Asks: 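Here's a structure for you.
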2 protein chains.
Amino acid sequence: MARKRFDDSNCSVARALNEVGDWWSLLIVLHAMYGTRRFVDFQQQLGIAKNILGDRLTRLVDNDVLRKVDVGEHGSRFEYRLTEKGRDLFPVVIALRQWGDKWNPAPEGTPLDLRDRASGRSIQPVGVQDADGNPLSIRDVFVPEESTPDSKKSLA
Amino acid sequence: MARKRFDDSNCSVARALNEVGDWWSLLIVLHAMYGTRRFVDFQQQLGIAKNILGDRLTRLVDNDVLRKVDVGEHGSRFEYRLTEKGRDLFPVVIALRQWGDKWNPAPEGTPLDLRDRASGRSIQPVGVQDADGNPLSIRDVFVPEESTPDSKKSLA
DNA sequence: TAATTTGGTTTCGTAAAGCAACCCTATTAA
DNA sequence: TTAATAGGGTTGCTTTACGAAACCAAATTA
C-alpha cells in the first residue's frame, strides 16, 4: 500500500484501487473465485505470510468484498466467501488474466482457458462494447461534456 | 511494490500484476488513455512525487506498456504514449472503473459515462461472455482438465 | 493426558515505497 | 540578462509492507 490514499478521490478507478489495488488482494480474490475459502488454503496456495494474509482478509471483509462465515465444523470454523461485490470483480480478473496471457505468456504450460458450462466452448476475450455488442477500442469512445463537471477533474 | 516478485509465476494474473499491479502504474495508464502524455501533466494530475513518477514511467516503458517519444518541440521534448500492449489494458481499466462506480459511487458528481463516437450511446458494462456473446457469471464457467497440468498449480 | 490442527495475533527486523526538497541541463520568453 | 518551463536525477528521511517466528486459544485426535 502507498502513503497516499484515495478514499475520497473523485476517480472511481482510484477508489477501486484503494480496495483491491494492492499486491495480494486481487490474488486473494482470484483464488476465492476458484474455490479457496479457508485461511490455511489461501496461505499455502499464495505463499503469503500469515499476518499479511490476515490483514488483507480483514480489509477485504471490511470493504465487503469477502464475508467471513462461521461454519461450525470440526476444526475449521471460518470461511471467507465472495460477496456479490466480490464476484462482480470477475470481469476485472478475467480481463487481467487475458491481458497477462496475451502479452506475457507463461514461460511453461498453457494459458488457462475458461469454458462455459452450458456449451463447453471457450469464453470470449473480455472487451468494451457499444450498445449493440460491437467491440470498441479506446479511440472509439469519448466522454460527453456534461460528464466532466470541473474541466478535466473527473478524469483525475 | 512488494517484496515477492512474480516474474516467474505460472499465473498470468500474478505476472500482469507484476507489471501494472502497483499503486500508480494503472492510474498512469488511465491518464494516458485520456490523453495525458507529458511528464509534468502526469505529475500535476496525479499529485505524484517526481521521482516516483520517473520510476514508474521507466518501468512502464521497460515493460513495453508505454513508449518514450522524442518530440523535438519547444521546451517539451518527450512524450509517453501507449503502445498496443498498453492500449490493450483498456478493458481492464474500464472494468475496474465500472466496478468502482457501481460499488463505491463517487461522493459527489456523476459516474463517468463513456460513449462510442459512432452512435453516441453509452457503452455496455464490461463482462465475460460465451462464444455467442451471452453474459457469463463465475458460476457459469469451468476449467477443462487438460488445462490444469499439475493439479491446481495453474491457478496459483 | 499429550499432540495436532485450525485460525489466527503479536512481535520484531528488514527492505522497500513514498514524499519533499534540492540540483541540473536545455530551451524559450520577456 | 533574467526568469520560466520542461524533464528529469539525487539525497535524505519517514512510513509501510513484508516475512519469520513466536505465541495463543479452542477443538479434535491419539
Side-chain angles (χ1 to χ4, degrees), chain A residues 1-9 14 17-29 31-32 35-63 66-81 156, chain B residues 1-7 9 14 17-28 31-32 35-63 66-81 156:
Chain A
M1 298 292 285
R3 293 272 302 285
K4 185 169 292 192
R5 303 305 173 95
F6 294 104
D7 309 294
D8 57 346
S9 170
L17 289 175
N18 208 37
E19 293 192 358
V20 294
D22 81 290
W23 263 100
W24 291 113
S25 296
L26 211 55
L27 289 177
I28 291 172
V29 169
H31 280 250
T36 303
R37 291 182 167 185
R38 299 213 321 286
F39 189 93
V40 285
D41 291 335
F42 282 115
Q43 205 225 319
Q44 291 174 358
Q45 291 170 18
L46 291 168
I48 184 177
K50 292 168 77 173
N51 54 348
I52 304 299
L53 176 59
D55 176 73
R56 293 302 183 277
L57 288 173
T58 300
R59 287 185 39 222
L60 288 170
V61 168
D62 287 344
N63 288 329
L66 297 177
R67 62 182 218 280
K68 188 172 184 176
V69 179
D70 191 336
V71 292
E73 292 176 6
H74 61 295
S76 77
R77 286 164 297 184
F78 295 110
E79 287 186 357
Y80 295 89
R81 301 185 190 172
Chain B
M1 299 292 286
R3 293 273 303 284
K4 183 170 292 192
R5 303 305 174 95
F6 295 103
D7 309 295
S9 170
L17 289 175
N18 208 38
E19 294 193 357
V20 293
D22 81 291
W23 264 101
W24 290 113
S25 295
L26 212 55
L27 289 176
I28 291 172
H31 280 251
T36 303
R37 291 180 167 185
R38 299 210 324 285
F39 188 93
V40 286
D41 292 335
F42 282 115
Q43 206 225 320
Q44 290 175 359
Q45 291 170 19
L46 292 168
I48 184 177
K50 292 167 75 172
N51 53 350
I52 304 298
L53 176 59
D55 177 72
R56 291 303 182 277
L57 288 173
T58 300
R59 286 186 41 222
L60 287 169
V61 169
D62 286 345
N63 288 328
L66 298 177
R67 63 182 215 282
K68 188 172 183 175
V69 180
D70 191 336
V71 291
E73 292 176 7
H74 60 296
S76 76
R77 285 164 298 183
F78 295 110
E79 287 186 357
Y80 295 89
R81 302 187 190 171

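Here the structure is a predicted model, which is why all the values come from computation and not from measurement. Chain A is the first sequence line, chain B the second, and so forth, proteins listed ahead of strands; every chain is numbered from 1.
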Asks: Apply side-chain hydrogen bond (donor to acceptor under 3.5 Å, both in side chains) to Arg67(A) and list each qualifying residue two or more places apart in sequence or on a separate chain.
Replies: none
Asks: dG7(C) P sits how many Å from Arg37(A) CZ, rounded?
Replies: 13 Å
Asks: Which of these nucleotides, dG8(C), dG8(D), dC19(C), is closest to any side-chain atom of Lys68(A)?
Replies: dG8(C)
Asks: Measuring from atom CG of Leu60(B) to atom NZ of Lys68(B), what distance do you get when rounded to the nearest 0.5 angstrom?
Replies: 12.5 Å
Asks: For the side chain of Ala49(A), counting heavy atoms from C-beta on, which of dG19(D), dG18(C), dT6(C) is nearest?
Replies: dG19(D)
Asks: Once you round it to whole Å, what is the distance between P of dG8(C) and CD1 of Ile48(A)?
Replies: 13 Å
Asks: Which heavy atom in Leu17(A) sits nearest to a heavy atom in Trp23(B), and how many Å separate them?
Replies: O-CH2, 3.5 Å
Asks: Base, sugar-phosphate or nothing for Tyr80(B)? Non-hydrogen atoms, less than 4.0 Å.
Replies: sugar-phosphate
Asks: How close or far is atom C1' of dG18(C) from atom CD1 of Ile28(B), stated in whole angstroms?
Replies: 13 Å
Asks: State whether a side-chain donor-acceptor pair under 3.5 Å links Ser25(B) with Glu19(B).
Replies: no
Asks: Whole angstrom is fine here: how far is it from CD in Gln44(A) over to P in dG8(C)?
Replies: 14 Å
Asks: Under the side-chain hydrogen bond (donor to acceptor under 3.5 Å, both in side chains) rule, collect the residues that match up with Asp41(A), sequence neighbours excluded.
Replies: Arg38(A)
Asks: Check the interface with nucleotides 21-25 of chain D: list each N/O to N/O pair with the protein under 3.5 Å, or write none.
Replies:
none

Asks: Can you run down the salt bridge (Lys or Arg N to Asp or Glu O under 4.0 Å) pairs that involve residues 42-55 of chain B, sequence neighbours left out, and say none if there aren't any?
Replies: none
Asks: Taking the minimum atom-to-atom distance to the side chain of Arg56(B), which one of dG19(D), dC19(C), dG18(C) wins?
Replies: dG18(C)
Asks: Heavy atoms, side chains only, cut-off 4.5 Å: are Ile28(A) and Phe42(A) in contact?
Replies: yes
Asks: Rounding to a whole Å, what distance do you find between Arg38(A):CZ and dT5(C):P?
Replies: 13 Å
Asks: Could you tell me how far apart Ile52(B) (CD1) and dA16(C) (P) are, to the nearest whole angstrom?
Replies: 14 Å
Asks: Between Trp24(B) (CH2) and dA17(C) (P), how many Å, whole number?
Replies: 14 Å
Asks: Expressed in angstrom and rounded to an integer, what is the separation of Asp55(B) atom CG from dA16(C) atom C1'?
Replies: 11 Å
